[in-house]
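Note that this is a predicted model, so its numbers are computed, not measured.
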Amino acid sequence: MMKSKLNILLFSMMAFAGLNFVACSDDDLKETIFDTTDYPLDRTSYSFPLDSFLKAEFLEPYNLRFIYRLEDIGSDMNYNLVPTEYEKSVKMAVLAKYLWYDVYKEVGGSRFLKTYTPHIIHLIGSPAYNPSSGTMKLGEAEGGLKITLYRCNGLDETNIDQVNEFYFKTMHHEFGHILHQNIIIPTAFVDISNGRYNPLNWQETHDSIALSQGFMLQYAANGKEDDWVELLANYVVRSDEEWAGMLNTAYYEWEEDSIQMQPAAYERLVNKPGVNMDSIGYRTFKDLNSASGGLAEMGVIRKKIKRDENDRPILDENGSIQYILAEDDGGDGVDGKAILEKKLGMLREWLLTNFQLDLDELHYNVQNRQYVMGTDGRSYVYDANGKPINKLVQPSQSNPEITVMDSLLNQVNRFKDLQK
């Protein structure tokens with residue numbers, strides 16, 4: 001009897017669920033309570049060209065709202081923030097398309113980009129400082145739907161290193177978060193550095209030491225997710241020379257130390273042309289007890305030197321100082337270079353398997369857009385100082401009378417003809 005009652009109850013619940021399903025069919029839905037009207041842009045508005053560009057290049061193809069007017073409801077009210085200047089917003093918009101969206105579209109295809117794109121990009125003009133930790137927030141991703149970029153009023157397209165450090169490395173970083181929120185990070189990757197993450201005091205781990213521990217700069221030591229996306233972002237935007245320099249830094253053991261000397265003399269020493277700055281390291285991180293005209297105690301990060309029992313440097317047969325590696329006596333046994341290369345291999349396989357994205361193609365696509373490259377698309381063209389040449393300020397191939405950046409800005413300027 002009990003079994004019959006249960007069957008009747010189950011049947012009734014299924015029938016009720018079926019009735020609910022039918023009642024919720026699209027044909028029976030009433031009109032939405034929200035305003036879905038597509039309002040035309042104001043042709044008399046000063047911002048009409050940019051608004052038209054954003055609609056044509058982001059909203060219509062990707063359903064992405066590119067917000068450059070500061071929205072307090074969508075901002076972190078814990079910071080004192082200011083809006084992004086209109087001219088800087090224009091530059092950020094065209095660069096976002098050129099150095100980010102067009103790259104992923106070319107390498108991954110429109111379907112990939114439409115599937116994983118955020119739905120909001122919000123520009124903030126000022127930095128977001130955290131006085132308690134002494135850090136500056138460059139960007140954030142919220143639930144795979146929104147990316148916020150700070151410090152946009154500082155954009156300077158003539159300095160490609162700054163463009164990458166403050167904006168496009170951040171964009172790739174935050175987009176990487178969106179990707180791993182859809183496909184989880186491999187467990188084997190997490191196991192590599194498990195136990196060495198430092199979420200509370202990562203900012204106290206200097207870049208060179210972080211590299212020697214197998215982290216892509218200090219912020220990667222914050223946790224597995226940031227470890228993953230920092231690897232992606234840095235590999236994509238950095239030149240081959242920069243990447244090789246970081247791996248070289250990771251190959252050595254590093255230490256914190258202090259020296260006493262005249263501040264001006266120290267600055268002349270470390271800024272002298274040709275001085276080997278060891279990629280990331282050997283830099284002042286603090287100026288302690290500086291007295292006017294006197295000695296200052298300078299904190300430095302430097303390679304560990306092989307020393308004898310009397311603490312004197314051990315020289316090789318050519319009289320050069322020898323440095324400690326992970327596998328040497330005095331090393332900690334952590335080969336940062338090998339770890340980074342292993343992690344990069346995992347990232348490369350993960351992107352290709354899950355998203356059909358070729359990481360190296362992504363890297364060189366970005367490199368060819370930000371630097372002047374040879375015909376093979378793999379070799380850099382260098383200036384007189386041995387630095388890769390910033391392509392944005394070079395003549396455009398389509399019109400040598402203007403720069404590449406000017407040609408990008410013309411994508412917005414073309415809408416001026418439609419203004420009243």
Side-chain angles (χ1 to χ4, degrees), residues 133-135 137-141 165 169-170 172-238 242-256 278-281 285 301-304 323-355 357 359-360 362-363:
S133 64
T135 60
K137 184 187 293 186
L138 298 180
E140 55 189 343
E165 184 63 30
K169 184 160 72 73
T170 301
H172 290 287
H173 174 111
E174 301 301 346
F175 190 56
H177 279 310
I178 292 176
L179 294 182
H180 78 64
Q181 287 164 5
N182 283 272
I183 305 292
I184 63 172
I185 298 170
T187 303
F189 176 90
V190 180
D191 291 341
I192 295 175
S193 296
N194 204 13
R196 287 197 291 271
Y197 291 115
N198 185 14
L200 297 179
N201 299 303
W202 59 265
Q203 66 273 11
E204 297 178 7
T205 303
H206 299 281
D207 285 336
S208 297
I209 294 177
L211 284 164
S212 72
Q213 293 295 309
F215 296 114
M216 184 45 58
L217 305 182
Q218 61 176 198
Y219 190 51
N222 181 49
K224 61 182 181 181
E225 290 88 0
D226 288 314
D227 188 10
W228 184 255
V229 298
E230 273 294 277
L231 189 65
L232 168 64
N234 279 279
Y235 184 75
V236 168
V237 303
R238 293 188 183 276
E242 285 181 296
W243 183 258
M246 296 172 88
L247 290 181
N248 179 66
T249 296
Y251 189 59
Y252 293 92
E253 291 291 301
W254 293 79
E255 64 183 352
E256 298 182 21
D278 298 319
S279 305
I280 302 296
F285 66 87
I301 304 296
R302 64 185 180 189
K303 293 178 183 177
K304 283 186 177 179
Y323 298 102
I324 297 175
L325 306 181
E327 62 268 21
D328 294 332
D329 274 347
D332 61 7
V334 180
D335 187 341
K337 180 180 179 182
I339 290 175
L340 286 171
E341 290 176 332
K342 184 176 182 179
K343 287 180 176 179
L344 186 67
M346 290 182 175
L347 174 63
R348 185 181 283 114
E349 181 181 359
W350 181 82
L351 287 172
L352 194 60
T353 301
N354 296 292
F355 303 102
L357 273 182
L359 179 60
D360 297 303
L362 199 66
H363 164 75

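Within the 4.5 Å cutoff, the side chain of H363 has no heavy atoms near those of the W243 side chain. The shortest side-chain heavy-atom distance between W350 and H180 falls under the 4.5 Å cut-off. Side-chain contact between V236 and F175 is absent, with no heavy-atom pair separated by less than 4.5 Å. No side-chain heavy atom of E225 sits under 4.5 Å from any side-chain heavy atom of Q181. Between E230 and K169, the closest side-chain pair of non-hydrogen atoms falls below 4.5 Å. With contacts defined as side-chain heavy-atom distances shorter than 4.5 Å, the pair V237/E242 does not qualify. D226 has its side chain within reach of H173: a pair of non-hydrogen atoms, C-beta onward, lies under 4.5 Å apart. N354 places none of its side-chain heavy atoms less than 4.5 Å from the side chain of L179.
Within 6.0 Å of atom CZ in F355, more than 12 heavy atoms from other residues, nucleotides or ligands are found, so the atom counts as buried in its surroundings.
Between V229 and H177, the shortest heavy-atom distance links the atoms CG1-N, 3.4 Å. Here the closest heavy-atom approach between residue E165 and residue T170 is recorded as O-OG1, 4.0 Å.
At distances below 3.5 Å, at least one donor-acceptor pair connects side-chain atoms of W254 with backbone N or O atoms of T249. Between the side chain of Q218 and the main chain of A210, no donor-acceptor pair closer than 3.5 Å is present. No donor-acceptor distance shorter than 3.5 angstrom exists from the side chain of N222 to the backbone of Y219, with no hydrogens or angles considered.
Residue D207 holds its CG atom at 10.0 Å from CE of M216, rounded to the nearest 0.5 Å. Distance check: S208 OG to M246 CE gives 9.0 Å after rounding to the nearest 0.5 Å. Separating the CG atom in L211 from the CG atom in L217 is a distance of 5.0 Å, to the nearest 0.5 Å. Atoms CG and CG, on D227 and L232 in that order, are 12.0 Å from each other to the nearest 0.5 Å. Rounding to the nearest 0.5 Å places CG of L325 at 8.5 Å from CG of D335.
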Checklist entry - After noting the C-alpha distance and the side-chain angles of R196 and V334, does the key distance pass the side chain to side chain contact (heavy atoms under 4.5 Å, CB included) rule? => result CA-CA 11 Å; R196 287 197 291 271; V334 180; 4.2 Å; yes
Next on the checklist: Assess the residue pair L340 and L231 against the criterion (side chain to side chain contact (heavy atoms under 4.5 Å, CB included)); give the C-alpha distance rounded to whole Å, side-chain angles, the decisive distance to 0.1 Å, and a yes or no.
Outcome noted: CA-CA 8 Å; L340 286 171; L231 189 65; 4.3 Å; yes
Checklist entry - Under the side chain to side chain contact (heavy atoms under 4.5 Å, CB included) criterion, do N234 and H172 qualify, and how do the steps go? => result CA-CA 8 Å; N234 279 279; H172 290 287; over 6 Å; no
Next on the checklist: Could you walk me through whether F215 and N198 satisfy the side chain to side chain contact (heavy atoms under 4.5 Å, CB included) test, starting with their C-alpha distance in whole Å, then the side-chain angles of each, then the deciding distance to 0.1 Å, before giving a yes or no?
Outcome noted: CA-CA 11 Å; F215 296 114; N198 185 14; over 6 Å; no
Per-pair distances, 0.1 Å, donor-acceptor, side chain in residues 182-193, under 3.5 Å, sequence neighbours excluded:
unit_1: N182; atom_1: ND2; unit_2: I178; atom_2: O; d: 2.8
unit_1: S193; atom_1: OG; unit_2: K343; atom_2: NZ; d: 2.8

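Residues satisfying the side chain to side chain contact (heavy atoms under 4.5 Å, CB included) test with E341, not counting sequence neighbours, are L247, K337.
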